[in-house]
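Following: one structure in structure tokens, then a few remarks.
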Amino acid sequence: MPKTADDKTLGVPGRARAIAKRMLEEALWGRVRLARATRKPPPLPAPAPPTDLLRTVEEWQESAAECKKLGLPRHFTGEKNWDVLGSVSTILHELGTDLRVLDAGAARYSTVLPSLAIYRVRELVGNNLEFRRTTSHGGVRFEPGDITDTPYRDGYFDAVTCLSVVEHGVPVSEFLAECARILRPGGLLVVSTDYRAVAPDTSGKLAYGVPVHIFDRAEILDLVQIAKSHGLTLQGQLELDGADDVVDWKRIGVKFTFIRLTFVRE
């Protein structure tokens with residue numbers, strides 16, 4: 001399940017947290033509707049490595065600044081602008097905009113689908129087990145659904161994104177097999193996750209009802225091999241060392257960084 005606004009930013013309990021998330025969503029989608037109605041799509045983001053490691057605070061700050069320059073929504077958790085912008089850049093530069101894109105494990109306050117909506121990508125869908133009904137915002141459809149067992153037909157999507165989701169108890173092999181099924185040949189899967197070359201001790205720490213998990217070097221290498229077994233080949237160069245602990249998840253008490261992986265469906 002995806003990280004939520006309360007996890008790293010808001011830090012407020014119960015009903016107040018829900019209200020704050022709702023306000024974030026409404027403000028975000030209001031900006032998207034205004035951008036789609038009043039201006040042309042902005043220039044494409046600068047090309048980004050398809051597979052990359054967030055090494056420093058300066059890197060995500062540069063991503064946030066580029067989002068501002070392009071008029072794209074910025075994520076309230078600063079570090080998330082890095083993997084969102086990298087994902088958007090990779091999809092647009094590699095595939096264009098005449099696309100069907102699924103955000104697997106979507107959150108309505110995430111900025112990946114809003115950014116793609118501003119670029120007028122043809123069909124945008126987000127699914128999540130937490131959604132109770134289908135809703136639409138700014139040209140994007142949000143549907144209830146399990147990212148390991150979706151109702152979409154074989155080869156339906158040109159791209160799938162899954163940002164900061166797989167570390168929350170998702171069965172990795174089942175997820176990758178399903179992505180391979182619903183992606184067309186040549187389609188892209190962009191995954192980001194919490195990472196540390198040597199994982200911190202998360203014993204006894206829980207989030208969303210499951211143990212907190214930070215992927216380490218061996219697990220990322222294993223994930224890449226599992227993806228390959230399902231017909232998904234890593235794009236770009238995999239680098240697993242040399243990153244600072246950029247992300248401080250204060251509520252849980254762990255520090256780590258992000259890694260972003262792009263696969264092509266063979």
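We use all heavy atoms of the structure for the numbers below, so side chains are in, but hydrogens, waters and symmetry mates are not. Positions are given from 1 along the sequence.
A donor-acceptor contact shorter than 3.5 Å links the side chain of Ser87 to the backbone of Asp83. In this structure a side-chain-to-backbone donor-acceptor pair under 3.5 Å is missing from Asp194 to Ile214. Side-chain N or O atoms of Lys255 include none that pairs as donor or acceptor with a backbone N or O of Asp245 at under 3.5 Å. Side-chain N or O atoms of Ser115 include none that pairs as donor or acceptor with a backbone N or O of Leu72 at under 3.5 Å. In terms of modelled atom types and a separation under 3.5 Å, the side chain of Ser229 and the main chain of Ile226 share a donor-acceptor contact. Side chain of Trp29 to backbone of Arg108: a donor-acceptor contact under 3.5 angstrom is found. Under a 3.5 Å cut-off, the side chain of Tyr119 and the backbone N or O of Pro43 do form a donor-acceptor pair. Between the side chain of Asp158 and the main chain of Arg100, a donor-acceptor pair closer than 3.5 Å is present. Judged by distance alone, the side chain of His93 and the main-chain N or O of Pro45 form a donor-acceptor pair under 3.5 Å.
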Report, one line per pair, each donor and acceptor closer than 3.5 Å where one atom sits in a side chain of residues 218-225; sequence neighbours left out.
unit_1, atom_1, unit_2, atom_2, d
Glu219, OE1, His213, NE2, 3.3
Glu219, OE1, Asp216, N, 2.9
Glu219, OE2, His213, NE2, 3.1

Show me, pair by pair, the donor-acceptor contacts under 3.5 angstrom made by side chains of residues 259-266, not counting sequence neighbours?
unit_1, atom_1, unit_2, atom_2, d
Arg260, NH2, Pro49, O, 2.5
Thr262, OG1, Pro50, O, 2.5
Arg265, NE, Ala180, O, 2.7
Glu266, OE2, Thr233, OG1, 2.7

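Under the 4.0 Å criterion applied to side-chain N and carboxylate O atoms, Asp98 and Arg122 are assigned as salt-bridge partners.
Shown here are the ring-ring contact (aromatic ring centres under 6.0 Å, His included) partners of Tyr156, two or more places apart in sequence or in another chain: there are none. Arg33 is linked by a salt bridge (Lys or Arg N to Asp or Glu O under 4.0 Å) to nothing, counting only residues two or more places apart in sequence or in another chain. Here Arg120 pairs with nothing under the salt bridge (Lys or Arg N to Asp or Glu O under 4.0 Å) rule; sequence neighbours left out. Taking Arg132 as the reference, nothing meets the side-chain contact (heavy atoms from CB on, under 4.5 Å) condition, with sequence neighbours excluded. With sequence neighbours excluded, the residues that form a side-chain contact (heavy atoms from CB on, under 4.5 Å) with Glu59 are Leu54, Arg55, Thr56, Trp82. Asp241 meets the side-chain contact (heavy atoms from CB on, under 4.5 Å) test with Ala197, Arg217; sequence neighbours excluded. Applying the side-chain contact (heavy atoms from CB on, under 4.5 Å) rule to Val57 yields the partners Trp60, Gln61, Val246; only residues at least two apart in sequence or on another chain are considered.
Side chain to side chain, Thr150 and Glu178 meet the donor-acceptor criterion of an N or O pair below 3.5 Å. Side-chain contact annotation: Tyr109 with Glu26, donor-acceptor N/O pair under 3.5 Å absent. A donor atom on one side chain and an acceptor atom on the other are not found under 3.5 Å apart for Thr134 and Glu143.
Across Leu70 and Pro42, no two heavy atoms sit closer than the pair O-CB, 3.2 Å. Here the closest heavy-atom approach between residue Val112 and residue Leu163 is recorded as CB-CD1, 4.0 Å. Closest of all the heavy-atom pairs between Asp201 and Lys205 is O-CE, 3.9 Å. In terms of heavy atoms, Val32 sits closest to Gly138 at CG1-O, 4.2 Å. Residue Pro114 comes nearest to Leu28 through the heavy atom pair CG-CD2, 3.8 Å, listed as atom of the first residue, atom of the second, then distance. Considering every non-hydrogen atom in both Ala243 and Leu53, the closest pair reads CB-CD2, 3.7 Å.
No single ILVMFWY cluster, assembled from side-chain heavy atoms under 4.5 Å apart, contains both Val210 and Phe215.
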For this session: Step by step, work out the side chain to side chain contact (heavy atoms under 4.5 Å, CB included) result for Phe142 and Leu113.
Result: CA-CA 10 Å; Phe142 292 96; Leu113 291 178; 4.0 Å; yes

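Applying the ring pair (Phe, Tyr, Trp, His ring centres under 6.0 Å) definition to pairs two or more places apart or across chains, none involves residues 178-197. The list of side-chain hydrogen bond (donor to acceptor under 3.5 Å, both in side chains) pairs with a residue in residues 36-46, not counting sequence neighbours, is empty. Residue pairs meeting the ring pair (Phe, Tyr, Trp, His ring centres under 6.0 Å) criterion with at least one member in residues 228-248, sequence neighbours excluded, do not occur.
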